[in-house]
Amino acid sequence: MIRVTELTKGFDDLRRGWVAALDNVSFEVHPGEIYGLLGPNGAGKTTCLRILSTVLRPTGGSATIAGYDVTTHPTEVRQRIGFMSNNTGIYDRMTAWEMVEYYGRLYGLSEDVLKRRLDSIFTTLQMHDFRDTLGAKMSTGMKQKVSIARAIVHDPPVLIFDEPTSGLDVLVARKVLSTVQSLKDQGKCIIFSTHIMREVEKLCDRIAIIHKGSILASGTLPELQDKYEQPDTEELFFDLIEQHDGEEARSSKSETRRANGDGLSVNQD
Amino acid sequence: MNWKNIRLIFLREVRDQLRDRRTLFMVAVLPLMLYPALGIGMLQMTLLFTEQPRTVVILGEKHLPQPQLLDGDRFVSNWFINPDDASKLKVITDGSANEPSGDSAADERQTRLIGQAKALRTRVDEHAAKKAELDQLEVELRNLLKAAPTNAELGIGAEAATPVGQTTSSKLTELTKKIGDLKAKLVVIDHDLSDLFAASQIQVLIVVPDGLKENIERVNHLIAEREMQSDGLMSYPRPTIVKNRADDKSVVAYSRVREVLDAWEQEILRQRLSSANLPQELPNPVGSLQMDLAAEEQLSANVWSKMFPALLVIMAVTGAFYPAVDVAAGEKERGTMETLLICPATRTEIVLGKFLTVMCFSVSTALLNLMSIGMTGNYMLSARGAGAGAMAKMGEVSLPSLPALAWLLALLIPLSALFSALCLALATFARSSKEGQYYLTPLLMVSIGLTVFCLSPAVEIYPVHQASWFYSVMPVVGIALLLKALLLNPGNTEALIFAGPVLVTSIGYSLLALWWAIEQFSSEGVLFREGERFEPALWFKHLLRDKEPTPSFTEAGFCFVMIMLAQFASMRAFGQSIAFVAPEQMGEAMMRLLVIQQIAIIACPALFMGLILTTSVRQTFRLRWPGWRFVVIAALLPFTLHPLSLELVASLSWFFPQLPEGAARLMKTMSDHGQPLWLILLSFAAAPAICEELAFRGFILTGFSRNGRTGLAIGISAVTFGVMHMIPQQVFNATLLGLVLGLIAARSGSLLPGVVFHFLFNSMAVVRERVGTALADGHMEELQQSAWRWFVSIEPSGLRYGWPTLLICGASSTLMLLWVARHSQVQTCSAASHPMFADKLAAVKTIVKPQA
């Protein structure tokens, strides 16, 4: 369902010059699976997921979702994904119902399908109480529910969650996680980024530990624990990061990262 | 493009805006409430103003001649043009002071005022006496000087020569001293007078001298008897009116008193003439008649034609301003932007939906405002009978006619479209609503500037004049001026010829702005700008440390701005440096200046920036050998393109405003035979060819084409190249040439063909004028008989080309340009120098296939 091959994204930064936010990242996610991207803040998780949702363009490599390339067929990709993050806000001056309905229409659902879909989503997520509340008046928990409803209104086969629980209180976070779990049970292909170990342990079938734009390790949690002989997820995570930082410090002395000089010219004559 | 999505987004945004109290307030509440409120405020102000009568004191009332001037404590109302004005002046006289009115406070005030007036009168009399004395002394002095001018000169200058001279000179000194003393005394009196006047509550004081009535009657009688020989017939004491021009209250009261006294004096004159059996027209030997052709509706049309275009522009921009900030920057700020970006609607659809929303609000704001202003204005003026006397002078103002309103609407739409797209693009760039407002303020200021320009009565599109066509294609200005002409006379079919260019260019500008907005919306750098703190030192370090082989887009833009600023800053210095040059050396001085200007202002900024900001000067300035075929074509093209460009500009001469004097003078030096050819070629051809190519095809084009869109880069660099030339004709010409030069530079990957082309092209212009004038001397007839006449002709301005020449030139130019466009000698991939792009290079290699 999701196939990421050598995905690279660089950008210009005032302080550090050219920075690779994502450096040759490859992985695959299958239907009925939750793939966890575990990494500290600034590791490149959001960049990676934004590329998958076609909002950013990669500078190298490729990514396909349900067979469509994110750079060449962005519209087809967007039709097939539901994206939710702590950045995807909801409109202040729209009610819960209007908001989800609006996105349903943008996804091209016909009116009667949309009506049925809205009813079932509002029921499963228990949103009927505040269907006519304006976004500005909602609590954080309500907002998060609307965001989820918005992301799944067109019943996409692929779901992308970018730190969906960050900034939520424990009760709301628990509800969000259980929703993700139930979506997996419906056979969706889910990619889920977080920096919270507990969520990974609870939800994810396979994980990738990502740091400074590179995947340090990937596999199922037991596989990783065996491979690195570290039964504690948290310790495993910190060990890998420390090891990577140490290697980088050593290599940066011997090698200058930036190439210099003239651009390459391709003679055509 | 999916119209359903655009409609969905549009409807959602409109609903969102309508639910926003701020927008509703700006768009609907403000116009509907503000103008009536202002109107009421104005009415109240005028009422307050009229309720304050001014005090006029008349001393010597009993000496006033007939007809009756006063009626109790007012002037008789029929001396006023508007009889109501009588209540605005309260008259106190020394006659009425004796009759107690019963109101003790009023009586007391009256007595006080009379007391003040009398104190003033003694000073006034003193002033009059001294003034009379002074006048007499001055007459004496003048006579003395006339009698012995030479002596007087001697007397003042050196020792006196003769006894007669001596007495004269002593008399003179005495007189001068007396005059000086008197003047000093007068100053003291005047000072006293003005202090007293300021301390009093009198706005105007009229002092009527004793016996005025008798004197006038006496003169009337004498004139009736035709006994006017006596010398001092008219030299009786006249009344004095005291006022203070620096005090507004006094000025207003005086203007009313003046009105009354003039009317009254006219009546006295009329009586005098009729009692003497003289014609009434006696005092007006010329008495010209006045004829005013302004009809009522024309007067009102004039008011609207001045007001509406200006208001329309300002309202359209303010109406676009707030919704644009809200739908673009506001959406980023609230975090809903990313949500919207991942829905299936494309960026173009999103922008169009938002653009239509902004435009909808811009149009409705403008219309609501105009409607409200029109209604309020009309109501206030129609209500003026009910007391708003202050506005009586404005004339009848009816609403514009229906055709005029239709035009208003038709022109409002492209205007709003332009502003909406511009606002949207700027607001998209902003990270927050606050930032959006900062970016949009300059747009507001520019529009207000343009509006003020259009308000000037000298700026108009109709009647057709030299700059009409040029104005008609300028953004905003064209619309405003056309509207001005159409509102003045809605049936004006002649002004309608401008409707085509105005509408077409306005729509063009709107589309361009819309395209820019879409570009902004598609740029991830713009959409995901981080809220970083701006640190100039850090940024500067970044510029120098993380240099790349070629300049960035921003650096190229900055280079252009630097060149423009340098040009602006040096304008004065250059102007001054040739201001004092002798005319015969003018040509040479100007040419020297031209070379300096090219090097200092155009080449230097680009070269410095290239050296400092990039790692590869070679690549930035395209310093490499091109294929020989490019050089050959670059050398041939000027000969085919120059006739085309010349005839094109000549055929469009009706369109552009006249050349400014300075530029015309510079052009003349070009064909001046007194100047050596090499100097002219150096300053007009060689220097621009090298300097302008370095800057515009070197640094700027390279920078603009960094993100891989060569076509766009050529377009922008051509426009910057054009704009740098300042004068409209040259801007047009240079932009077209910029396209050709850009294409050659981009395809050959070298600066050299461009330099060759530029040099030859400019040389052609120089040589053409010289050859033209040289040929005109001798070979004129020869030419006219040969077959050549089909191809070239000679006119006073120089060599001109016939249509067969143009046809050949056009065909060969097209062929050569097509060849250039199809042959890319080098694909410079500057991005490839970065390790990050190693994989992209492979893609480039596969995409760009050899075409030769």
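Naming convention: chains lettered A, B, ... in sequence-line order (proteins, then strands); numbering from 1 in each chain. The structure displayed is predicted, hence computed values, not measured ones.
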Asks: Is it the case that atom CZ in B/F558 sees more than 12 heavy atoms from other parts of the structure closer than 6.0 Å?
Replies: no
Asks: Return the option, out of B/L341, B/N5, B/D20, B/T346, with the maximum number of heavy-atom pairs under 4.5 Å with chain A.
Replies: B/D20
Asks: Examine whether an atom of A/Y103 lies under 4.5 Å from a heavy atom of chain B, and if so say whether it belongs to the side chain, the backbone or both; otherwise answer neither.
Replies: side chain
Asks: If you tally heavy-atom pairs under 4.5 Å against chain B, which of A/R78, A/R93, A/R57, A/E76 wins?
Replies: A/R93
Asks: Within a 6.0 Å radius of atom CZ on A/R3, are there more than 12 heavy atoms belonging to other residues, nucleotides or ligands?
Replies: no
Asks: Got a donor-acceptor contact below 3.5 angstrom from the A/K45 side chain to the A/I210 backbone?
Replies: no
Asks: In terms of heavy-atom pairs under 4.5 Å, which option from B/C343, B/A345, B/P344 contacts chain A the most?
Replies: B/P344
Asks: For B/E331, is it the side chain, the backbone, both, or neither that has a heavy atom closer than 4.5 Å to a heavy atom of chain A?
Replies: side chain
Asks: For residues B/S433 and B/E333, is any side-chain donor paired with an opposing acceptor at under 3.5 Å?
Replies: yes
Asks: Taking A/S26's backbone N and O only, do any of them form a donor-acceptor pair with A/T5's side chain (distance below 3.5 Å, no angle check)?
Replies: no
Asks: Considering only heavy atoms, which portion of A/I81 lies under 4.5 Å from any heavy atom of chain B: side chain, backbone, both, or neither?
Replies: neither
Asks: Listed by chain and number, what are the ring pair (Phe, Tyr, Trp, His ring centres under 6.0 Å) partners of A/H73, not counting sequence neighbours?
Replies: A/Y68
Asks: Do you know which of A/E98, A/R105, A/H154 has the most heavy-atom pairs under 4.5 Å to chain B?
Replies: A/E98
Asks: What part of B/L340 gets within 4.5 angstrom of chain A, counting heavy atoms only: side chain, backbone, both, or neither?
Replies: both
